[in-house]
Amino acid sequence: MENMKYCMRPLEKQAETREKEPGVSEKEKEPEDLSEDDSEYVASESDVDDDDENWVADSDFEAEIDWTTVLPKETFASETEKGPKEIGNSSTDAIFDDESGDSDELRTPPGSDDEDMMEKYPTFKDNVELVGGMTFDNKQQVRDAIKEYAMCKQKNISLKQNDSKRMVVKCEKGCPFHIRFSKRIGNQFWQLVSLKDEHNCHRKPQNRQAKTEWLAKKFMHTLRVSPDMKPKGLVAEGIDKWGVKLSLDQAYRAKRRAIELIEGAGREQFSHLRTYASELRDSNKNSTVIIKCVESNTGPVFERIYVCLEACKASFAYTCRPLIGLDACFLKGDFGDQLMAAVGNDGNNKMFPIAYAVVEAETKESWLWFLDLLLEDLQSIQPKNYAFISDQQKGLVPAIQSIGEHVEQRLCVKHLYGNWRKKYPGMELKQVLWMAARATTIPAWERAMQRMKGLNENAWKDMIAIPAKCWSRSHFKTDTQCDLQVNNMCEAFNRAILEYRDKPIITLLEGIKHYLTKRIAHQKETMLRYKGNICPSIQKVLEKTKKTAEGWISTWHSDDDFSIFGVTNGVETYAVNLLQKTCACRKWDLTGIPCCHVIACIWDKREAPEDYVSSCYRKSTTLATYSHIILPTNGPQLWPLLEPEPIKPPYMRRSIGRPKKNRNKRNDEPRNPNIVPRTLPTVQCTQCTELGHNKRSCKGKRAAERAIPKGGNKVF
């Protein structure tokens, strides 16, 4: 037994016992319940000589040995005091009582070599209180702890020493507060090694640790609920929570960063645009999502994206009238893009968005690209002759004309008058213009134009130069069954998505899709609650027309179909054909809703005017429009991974300075449309004394250039 080799770390009491009892074998004096982890305390068999194989049998081991002289007293006492049922409930067994658990911690018995050194000290987990010996995973976590402590304790502390091995934090001059962090040698964690948590300084409204990134993370919850909160509100919240008074610039930067954290940074979303488009096509089959990029040295650069959902294009092509409103609006993001939209009308005369696109600018090329994709989608479902209404957008008018001569093009009279009135202001001219635009027959339009010519011949020349088929009902085609003259449906759509127009690209597209989903559900629920057969908006128009029809008398002209009538009120007379659904005034032809002349004839037949309303205005048709639904899409965590090179953001087109949020208003436009001003100021030119412009935009003759009247310009 002399060549028996022991490990380098034997128990002290075991060594003393072995020296006092030379006749007892060392192997037999080892505790019997040693685990595999404690095998380092036992000699290996390879270290025992062959002559000593039977050393256990020849030993002087005494069965009645007092184990209290070998084991520590605490261990012996704890084992002897336990009953037979408590033996299996030791501390070691308690650690492994959940062997099949799903914990992320490795439960190592205390005292073993596998136990991490960090478990002996408290670990930082977003704690406000700092204690000596606290460990941190990395240096950034130490910085976060310093910021959290400084802001919550309302103390203006800062780093006085910061290198790769140590960090020293102190308060203001004269304050005894002191913290020291060190990186442990041989390990990759940091530890708080020195702490003196005493202050004799006073709180100040400014704090060095009020950084943008930290504030943004704290404001995220508030801005997620109230994204429209002003920077002043965040300043007040900073005073209430941390006793720090932020500047408006600090609050603005923190808000902007928090919105980026919530919605995703604008530049990063372009790299996921292809993935989002793929998910949108997979979730809504037969939807059209097309991305156009421009190749550059750094890779593909975003230029345009077109989205037309299957529910929108199918509903419009099958159940709505073939009149499409086109418009574009500026996006208020960082890249200065524009949003193009195609909007129709449902059977209740409510807007129905069809397709939308984000383009680099509003040009003839971009409008042609948008219109080609739109008509391709609609013609593939239901071939029709579609008509368009728009304002005089840049490149839009020639783009529609290039489609073909068969396409009907209308101009928004509201925008047309807005440009015309700059040269020819005045209430009387305005009334005459709208009289000509609302005229449903050519003779009525000619009379209105002759009256305009008598008021201002130059104004008449400008309006005659514009084709009447673009702006007067008297020249509109009747196959659209819509006499719409203003592009309000597009303006309503632009206003509805106003909250999304300053968002990043994917947030913008997803916000519009979410709005369309809610709108379809709301309109469908409204029509299901409605009890009539004709849509409510059309029923109101019909009831108003019924009151006007009371002054008209119809005369049947003895045809076999009982459909040809003559209608008069003593001054005017019109011919009506109920079988062909025509009236000489053309109102029924244009809209599909019986006019007052037709209603008088229907009453003569003892029938209901509702039976003669076009089928596109019926409740069943509108319910069919909203029977197509938009299916939900999965979030970014479930989007497929695509191999093509990620898309780069477009080149910055935003001008220098703070971006504008509100549109430019006209000089005579009230700042608040709900309040009538006390005075109605009118701009008067100081050069020509005309109303409606100033001397900077004056195109008339100056006072010095006017001819002096005969006899002089003096008045005696």
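For the single chain, residues carry numbers from 1 onward in sequence order.
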Output yes when Lys285 and Glu310 qualify as a salt bridge under the 4.0 Å nitrogen-oxygen rule, no when they do not. no
Yes or no on side chain to side chain donor-acceptor pair (under 3.5 Å) for Trp367 and Glu362, after CA distance, side-chain angles and deciding distance? CA-CA 7 Å; Trp367 273 117; Glu362 191 177 3; 3.3 Å; yes
For Tyr356, the ring-ring contact (aromatic ring centres under 6.0 Å, His included) test, sequence neighbours excluded, returns none
Which residues satisfy the ring-ring contact (aromatic ring centres under 6.0 Å, His included) test with Phe352, sequence neighbours excluded? Tyr626
Side chains of Asp327 and Asn494 only: does a donor on one sit below 3.5 Å from an acceptor on the other? yes
Side chains of Glu610 and Gln539: any donor to acceptor distance under 3.5 Å? yes
Charged N to carboxylate O below 4.0 Å: is that the case for Arg281 and Glu279? no
Just to verify, what does Glu376 make a salt bridge (charged side-chain N to carboxylate O under 4.0 Å, His left out) with, not counting sequence neighbours? none
Take Glu237 and Thr222 through the side chain to side chain donor-acceptor pair (under 3.5 Å) test and state the conclusion after the steps. CA-CA 10 Å; Glu237 187 170 353; Thr222 303; 3.0 Å; yes
Partner residues of Leu375 under the side-chain contact (heavy atoms from CB on, under 4.5 Å) criterion, sequence neighbours left out: Tyr386, Phe388, Ile403
What are the two closest heavy atoms between Ser366 and Glu360, and how far apart are they? CB-OE2, 4.4 Å
What residues, two or more places apart in sequence or in another chain, satisfy side-chain contact (heavy atoms from CB on, under 4.5 Å) together with Glu510? Tyr276, Lys513, Thr633
Set of salt bridge (charged side-chain N to carboxylate O under 4.0 Å, His left out) partners for Glu491, sequence neighbours left out: none
